[in-house]
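Everything below concerns the one structure shown next.
The basis for the numbers below is simple: all heavy atoms, side chains too, and nothing from hydrogens, waters or symmetry mates.
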Amino acid sequence: MTPGIDAASKAGVFHTIHEYEHDPASAGYGNEAADKLGVDPARIFKTLVVAVDGKTLAVGVVPVTSMLSMKLIAKAAGGKKAAMADPQEVQRRTGYVLGGVSPLGQKNRLKTFIDASAEDFETVYVSAGRRGLEIELSPADLAKLTGGTLVPLQQA
């Protein structure tokens with residue numbers, strides 16, 4: 001189990017775990033998950049950590065088929081600018097390795113924003129906390145477990 005799976009289980013949230021053989025040569029973790037699980041890539045969401053105004057870390061959860069808008073996440077987090085966070089700081093603050101960062105069960109819970117397109121689906125998939133492991137749950141439960149806000153986050 002991972003802290004992400006433990007968080008969902010402890011909260012009594014209905015979820016399904018999906019495991020697949022991760023190919024170390026694959027750079028696109030989300031697209032790899034969609035291919036290997038046979039799921040519409042629009043339902044697979046990636047977890048990206050950004051630094052807002054150079055100081056506050058926040059999490060953006062967006063479909064693997066899209067790009068995170070730095071402008072939109074900065075605005076959602078109450079800041080002016082956002083940039084991808086330092087990878088070492090991401091690992092230190094979340095407790096997860098890159099490519100396996102889950103929005104659930106983070107060591108230090110970061111303010112989380114989930115792209116509103118998640119509401120188009122009954123369930124979505126996010127990393128369960130390691131490469132090759134996804135957790136499927138409803139968008140409402142994802143928001144509840146992360147304290148997340150559903151807002152538009154996709155770059156136009």
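Ring pair Phe45/Phe121 is perpendicular by interplanar angle, where above 60° counts as perpendicular and below 30° as parallel.
Not a single salt bridge (Lys or Arg N to Asp or Glu O under 4.0 Å) links Lys75 to another residue, sequence neighbours left out. Looking at residues two or more places apart in sequence or on another chain, you find a side-chain contact (heavy atoms from CB on, under 4.5 Å) between Ala74 and Ala82.
One side chain, Glu136 or His18, offers a donor N or O that lies under 3.5 Å from an acceptor on the other. A donor-acceptor pair shorter than 3.5 Å can be found between the side chains of Ser138 and Asp141.
Linking Ile, Leu, Val, Met, Phe, Trp and Tyr residues whenever their side-chain heavy atoms come within less than 4.5 Å leaves Val49 and Met67 in two separate clusters. Cluster annotation: Met1 is connected to Val13 through the hydrophobic network of ILVMFWY side chains, with a link wherever side-chain heavy atoms come within less than 4.5 Å.
Ile44 and Ala34 get closest at one heavy-atom pair: CG1-CB, 4.0 Å. Closest of all the heavy-atom pairs between Val61 and Pro103 is CG2-CB, 4.0 Å. Across all their heavy atoms, Pro3 and Gly105 have their closest contact at CB-O, 3.2 Å. The two residues Leu145 and Ala11 come nearest to each other via the heavy atoms CD2-CB, 3.3 Å.
Annotation: side chain of Glu134 is in contact with side chain of Tyr20 (closest heavy-atom distance under 4.5 Å). In this structure, Thr94 and Lys107 have side chains that are not in contact, with every pair of non-hydrogen atoms separated by 4.5 Å or more. By the 4.5 Å heavy-atom criterion applied to side chains, Thr149 and Thr112 are not counted as neighbours.
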Exercise for the section: List the steps, then state whether side-chain hydrogen bond (donor to acceptor under 3.5 Å, both in side chains) holds for Arg43 with Thr123. Expected result: CA-CA 8 Å; Arg43 288 182 61 203; Thr123 61; 2.5 Å; yes
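Taking the charged nitrogens against the carboxylate oxygens, Glu19 and Arg130 do have a contact shorter than 4.0 Å, which makes a salt bridge.
Note: Leu104 CG to Asp6 CG = 11.0 Å, rounded to the nearest 0.5 Å.
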